[in-house]
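The block underneath contains the structure these notes are about, expressed in structure tokens.
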Amino acid sequence: MRMNIAQKIIRSHLLEGIMTPGSEIALKVDQTLTQDATGTLVMLELEAMGIKQVKTEISAQYVDHNLIQEDYKNADDHLFLQSACQKFGVWYSRAGNGVSHPVHMQYFGAPGKIMLGSDSHTCAGGSLCMLAMGAGGLEVAMAMAGHPFFVKMPKIWGVELIGEMPEWVSAKDIILELLRRYDVQGGVGYIIEYHGAGLKHLTAMDRHVIANMGAELGATSSLFPSDKITAAFLKSQNRKEDWIPFARDKGSNFDRADTINLNDLEPLIALPSSPGNVVSVREAAGKEIYQAYIGSSANPGFRDFAISALMVKDKEIHPRVSYDVNPSARSILEELVQEGHLAAMIHAGGRIHQAGCNGCIGMGQAPATGRNSLRTVPRNFPGRSGTEEDSVFLCSPETATASALTGVITDPRDLGIPYPKVKYPKKNIMIKNMIQKPLPASEAEKISLVKGPNISTLPVMSPLNKEINVKILLKMGDNISTDEILPAGARVLPFRSNIQKISEFAFERIDEQYAKKAKELKEKGGHAIIAGNNYGQGSSREHAALAPRYLGLQIVIAKSFARIHWQNLINFGILAVRFENPKDYDQLNINDTIVINNIHEKLKNKQALTLTIESSNKEISLQHDFSNRQIEILLAGGLINWAKEQ
């Protein structure tokens, strides 16, 4: 059988199931990635399972999200993570070393491997021909403990790249073009596999930009072949021995096919407040801006900063604009210093921040109310920047920099300056002291976990009830993101290891009284929420399921779900079901009492559930496609309870 790259990697790691799209498969996991906003729960889960040493080839923990230390919480949690890495055999990347995705690419990325990460942008690893997928922290903890990762076999979407990008067009415009065509649900249920003659014009870091934002399409993962460009990148990181060639078989097919002619692309921009709201930059040109933000996992390469530096060299940023520079890795920061680019950015008016996620996750650099912010980050969901009424645009470094110079949204082609030619450093800088090796097992067993007062134990979850009789507390529309379910940012994320406290912020952007109302209903059996299509898009943070569960959420009924959040709901024992007839969404309202009987029996028999609206006796059919394993997890009250039973 002729296979594409995705099928080859899946076949070589397949432990259970058959490779038929939609059926559940179990995969061996080679590497895991965790970051500090989700890693604290992962480490607590490893402790709860009694794990002595992780079973993966490589597991790495990064401190890149919660870098603002305005009190003890983040600092304490960093010490906890460091001690947990020493105890469980995990690599530890210190605060200030950089964003997890490009740093992992530098140190550990290897073609043909499967990587699971407790971050939705783990898919960036596909730039090096890894099948890299985001998941909830519980599933990552299970993989670290040696268990397989269960996922529905995706379809494979082949995207052929032909031609060569014109001047002022870069990798960000390629992924924005896919988002322009297909919006944020366009990749749900697919692995996107890139191929074609146009690949030879994309560096490994260009590919990182594209693979990273496959998450914004809802894709399970994105993949590039392992070719001469992959080999050159690994050699530059002193890891040429990790390179192997990996390509699709000639004549292999895809479930879906598309072509992008790079010659035809122009600078693009996503308008507020969705990555799928894409237009040409010239259509948005002329709007005043307040901020231009360079960096993040969606534009993490040396080139992405260097071209901005060359554009501003010997010039001044517009006096109205905050020109924020966020290095993606400490090594890239040093290279920018070495090549003179950082000085050019500083002299032009740049504000230099530490290497990390920073404003992308709402950790500082929040824009002023009602002012436009142009960012090279992957997401612009409402309020994600840290400003409630924000206005965030997504674009390339070229567009952000051109606009920083003029003070208004500007197509870089209209600046009237020659296109800068970036020269790469002759030798890449590697900083070994910022990433700590796991201890030998004999030393690790002597390590005690360092727990500050902010770390609390996970709440106990009760098994799934046989009947549900609850009120609907929220009714929401399409594309509700995990940032709207549970915000990120400097105000909320420090409580990531304190579920009781972080639950107070749940759904506050939708209903400020949600937590209070949910607590009142918890004693009466809990509550339900209703949503439209693509519920739970965005971040993989399991807190967006765990916090509402702690507040008594029993069931989520939606037209459709985003993959990671759907599984996170199941992992914490929340029924996540779909309307058989999407029009029935209109039949339900806030404060309706709904009744569902014979839940256990119908789940076990793979039958639809019947919802009755108490006030009218109207019945609504609810569909599910849970696997037998997922049904067992739900009945047990979540993955932790199920794992204990096993």
Side-chain angles (χ1 to χ4, degrees), residues 73 273 362 366 369-370 381-390 454 456 459 461-462 465 468-539 541-559 561-562 565 568-569 572-577 585-596 611 613-615:
K73 298 183 194 72
S273 291
T369 303
F381 299 143
R384 181 179 168 91
S385 67
T387 298
E388 199 64 32
E389 300 297 328
D390 59 7
N454 189 47
S456 63
M461 301 296 176
S462 58
N465 292 327
I468 286 177
N469 186 326
V470 296
K471 276 190 175 183
I472 296 172
L473 197 48
L474 293 176
K475 184 177 181 180
M476 298 164 284
D478 294 342
N479 298 322
I480 296 297
S481 74
T482 48
D483 283 288
E484 292 165 284
I485 299 170
L486 192 76
R491 186 173 61 96
V492 179
L493 281 184
F495 297 107
R496 63 203 172 276
S497 52
N498 186 330
I499 301 305
Q500 293 82 355
K501 179 63 178 177
I502 206 170
S503 68
E504 296 176 9
F505 301 97
F507 290 108
E508 66 173 12
R509 287 181 180 149
I510 294 166
D511 182 352
E512 291 181 350
Q513 298 299 310
Y514 169 81
K516 179 183 177 182
K517 295 174 185 175
K519 287 177 182 177
E520 293 171 354
L521 290 174
K522 188 175 181 180
E523 302 304 317
K524 302 174 184 178
H527 66 278
I529 62 175
I530 310 301
N533 283 307
N534 200 31
Y535 177 71
Q537 68 164 334
S539 167
R541 70 182 76 107
E542 59 192 341
H543 303 75
L546 179 52
R549 172 73 155 102
Y550 172 74
L551 292 171
L553 178 61
Q554 299 295 308
I555 183 171
V556 179
I557 308 168
K559 293 180 181 179
F561 292 87
H565 188 64
N568 280 344
L569 291 170
F572 288 101
I574 300 169
L575 267 178
V577 293
Y585 168 89
D586 298 323
Q587 302 294 322
L588 296 172
N589 296 293
I590 292 174
N591 291 325
D592 281 349
T593 296
I594 60 172
V595 179
I596 306 173
L611 176 155
I613 306 173
E614 191 175 68
S615 61

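Just so it is clear, the values below take in all heavy atoms, side chains as well, and ignore hydrogens, waters and symmetry mates. If you're wondering where the values come from, they're calculated on a predicted model, not measured in any experiment.
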task: Nearest 0.5 Å please: distance from the CD atom of Gln554 over to the CG atom of Leu521.
output: 11.0 Å
message: Applying salt bridge (Lys or Arg N to Asp or Glu O under 4.0 Å), can you list everything that pairs with Asp390, at least two apart in sequence or on another chain?
response: none
field: Considering all heavy atoms, the nearest Tyr585-Gly532 contact
entry: CE1-N, 4.0 Å
- prompt: Which pair of non-hydrogen atoms, one from Ile485 and one from Pro548, has the smallest distance, and what is that distance?
  reply: CG2-CG, 4.3 Å
- request: Return yes if some donor-acceptor pair links the side-chain N/O of Lys73 with the main-chain N/O of Phe495 below 3.5 Å, else return no.
  value: no
query: Quick one: ring pair (Phe, Tyr, Trp, His ring centres under 6.0 Å) partners of Phe572, sequence neighbours excluded?
result: none
task: Side-chain contact test, heavy atoms from C-beta onward, threshold under 4.5 Å: evaluate it for Ile472 versus Asn589 and give yes or no.
output: no
- prompt: Taking side chain as C-beta onward, heavy atoms only, is Leu575 less than 4.5 Å from Ile468?
  reply: yes
- prompt: Taking C-beta and beyond as the side chain, do Leu569 and Phe561 meet within less than 4.5 Å on heavy atoms?
  reply: yes
statement: In terms of heavy-atom contacts, Ser462 and Arg549 come closest through O-NH2, 2.9 Å
- line: Residues at least two apart in sequence or cross-chain that pass ring pair (Phe, Tyr, Trp, His ring centres under 6.0 Å) with Tyr514, listed by chain then number, are Phe507, His527
query: Taking only residues two or more places apart in sequence or in another chain, which ones pass side chain to side chain contact (heavy atoms under 4.5 Å, CB included) with Ser503?
result: Ala547, Tyr550, Leu551
task: Mind jotting down which residue pairs meet the salt bridge (charged side-chain N to carboxylate O under 4.0 Å, His left out) criterion with at least one end in residues 497-510? Sequence neighbours excluded, please.
output: Glu388-Arg509, Arg491-Glu508, Lys501-Glu504
- request: Flag the pair Ile555 / Ile574 as yes when at least one side-chain heavy-atom distance between them is below 4.5 Å, and no otherwise.
  value: no
message: Tell me every residue that passes side chain to side chain contact (heavy atoms under 4.5 Å, CB included) with Thr593, counting only those two or more places apart in sequence or in another chain.
response: Asn469, Lys471, Glu614
task: For Ala562, enumerate each residue passing the side chain to side chain contact (heavy atoms under 4.5 Å, CB included) test, keeping only those at least two apart in sequence or located in another chain.
output: Asn534, Gln537
query: Given side chains that start at C-beta, do those of Leu486 and Ile502 come closer than 4.5 Å, heavy atoms only?
result: yes
- prompt: Does Ile530 reach the side chain of Leu474, with side-chain heavy atoms less than 4.5 Å apart?
  reply: no
task: Go through the steps to decide whether Ile590 and Leu473 satisfy the test side-chain contact (heavy atoms from CB on, under 4.5 Å), and finish with yes or no.
output: CA-CA 6 Å; Ile590 292 174; Leu473 197 48; 5.8 Å; no
query: Which salt bridge (charged side-chain N to carboxylate O under 4.0 Å, His left out) pairs, counting each pair once, include a residue from residues 513-530, with sequence neighbours left out?
result: Asp511-Lys517
query: Of all residues at least two apart in sequence or in a different chain, which pass the side chain to side chain donor-acceptor pair (under 3.5 Å) check with Asn454?
result: none
- request: Output all residues satisfying salt bridge (Lys or Arg N to Asp or Glu O under 4.0 Å) with Lys559, sequence neighbours left out; order by chain, then residue number.
  value: none
- prompt: CD of Glu542 to OG1 of Thr482: how many Å apart, nearest 0.5 Å?
  reply: 12.0 Å
task: Please name all residues satisfying salt bridge (Lys or Arg N to Asp or Glu O under 4.0 Å) with Arg384, sequence neighbours left out, ordered by chain then number.
output: Asp483
Side-chain heavy-atom pair Leu588, Ile594 within 4.5 angstrom cut-off: yes
message: Counting C-beta onward and ignoring hydrogens, is there a side-chain heavy-atom pair between Met461 and Leu546 closer than 4.5 Å?
response: yes
message: Restricting to ring pair (Phe, Tyr, Trp, His ring centres under 6.0 Å), what partner residues turn up for His565, sequence neighbours left out?
response: Tyr535
- request: Heavy atoms only: give me the nearest Ala366-Thr387 pair and the separation to one decimal.
  value: CB-OG1, 3.4 Å
- prompt: Where do Ala488 and Arg541 come nearest, in terms of heavy atoms and distance?
  reply: CB-NH2, 3.4 Å
